[in-house]
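Because the structure is predicted, anything quoted here is derived from the model rather than measured.
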Amino acid sequence: MLAAGAATVAAFAGPATAQPRYVRGAVSFEGGAVIPQGEIEIFLEGLADDGPAGQEVTTTRARGDGKSKEIEFVLPLDGTAPPRLEIVARLERADGWLVARGSAAYETAAPIRVVLNPAMC
């Protein structure tokens with residue numbers, strides 16, 4: 001009886017404590033090249049069951065200095081986030097032109113890696 005009670009408590013406590021409070025990851029450029037200079041917006045976007053929902057959940061910014069091959073990021077994650085998330089990164093020049101974009105599915109067990117692909121002009 002005691003074992004069954006402990007299993008029930010573990011089943012309820014497990015998922016709640018497993019929910020991370022932050023999403024950690026890194027952004028790199030296609031082919032391992034240096035990330036061009038510019039402003040990188042990194043955000044979580046909620047996905048609907050049948051495709052993108054476009055609901056932006058949280059966002060952060062980083063600066064591409066034109067010298068780094070990888071930039072790490074941390075995004076806060078609250079309990080109101082949709083169950084399916086995608087991490088999106090957009091690199092823009094100072095004049096607002098899109099230089100590159102990338103995305104990755106959010107998975108709690110894996111480190112998040114977003115690869116920026118050059119934008120087609």
Side-chain angles (χ1 to χ4, degrees):
M1 186 82 146
L2 182 59
T8 302
V9 169
F12 284 111
T17 57
Q19 177 66 26
R21 300 177 99 174
Y22 297 95
V23 175
R24 297 182 185 278
V27 175
S28 60
F29 202 74
E30 183 180 70
V34 171
I35 298 170
Q37 194 170 11
E39 186 79 16
I40 303 170
E41 180 184 21
I42 305 160
F43 56 94
L44 284 167
E45 187 172 76
L47 299 175
D49 289 335
D50 58 352
Q55 176 191 356
E56 192 172 307
V57 177
T58 185
T59 187
T60 191
R61 292 191 172 272
R63 188 100 189 116
D65 60 7
K67 299 175 187 174
S68 303
K69 289 191 173 190
E70 186 174 83
I71 297 174
E72 293 183 353
F73 65 86
V74 177
L75 287 167
L77 184 64
D78 64 16
T80 61
R84 292 183 46 220
L85 295 169
E86 180 176 56
I87 291 85
V88 179
R90 295 174 43 91
L91 172 63
E92 295 180 354
R93 297 187 319 202
D95 61 6
W97 280 90
L98 179 65
V99 176
R101 183 187 186 285
S103 64
Y106 170 66
E107 297 177 20
T108 57
I112 305 299
R113 298 279 177 221
V114 180
V115 177
L116 292 168
N117 299 296
M120 303 304 265
C121 296

Set out, in order, the CA-CA distance, both residues' side-chain angles and the distance that settles salt bridge (charged side-chain N to carboxylate O under 4.0 Å, His left out) for E72 and R24, then state yes or no.
CA-CA 8 Å; E72 293 183 353; R24 297 182 185 278; over 6 Å; no
How long is the straight-line distance from CD of E41 back to CZ of R90, given to the nearest 0.5 Å?
7.0 Å
Kindly state each residue pair satisfying salt bridge (charged side-chain N to carboxylate O under 4.0 Å, His left out) with at least one member in residues 95-106, sequence neighbours excluded.
R93-D95
Y22 and P76 have their tightest heavy-atom pair at CD2-CA, 3.8 Å
With L91, the side-chain contact (heavy atoms from CB on, under 4.5 Å) member among I42, I71, I40, V27
I40
Can you list everything that forms a salt bridge (Lys or Arg N to Asp or Glu O under 4.0 Å) with E30? Sequence neighbours excluded, please.
none
Nearest 0.5 Å, what's the CZ-OG distance between R63 and S68?
12.0 Å
Please enumerate all residues that pass side chain to side chain donor-acceptor pair (under 3.5 Å) together with T60, with sequence neighbours excluded.
none
Using side-chain heavy atoms (C-beta onward) and a distance below 4.5 Å, is I87 in contact with F43?
no
Shortest non-hydrogen contact from A89 toward L116
O-CD2, 3.6 Å
With side chain to side chain contact (heavy atoms under 4.5 Å, CB included) as the test, would you mind laying out the steps for V74 and V23 before giving the verdict?
CA-CA 6 Å; V74 177; V23 175; over 6 Å; no
Shortest non-hydrogen contact between R113 and A104, atoms and distance
O-CB, 3.5 Å
To check you understand the geometry: which heavy-atom pair defines the closest contact between E86 and S103, and what is its length?
OE2-OG, 3.4 Å
Closest non-hydrogen atom pair, V34 against G66:
CG1-O, 3.1 Å
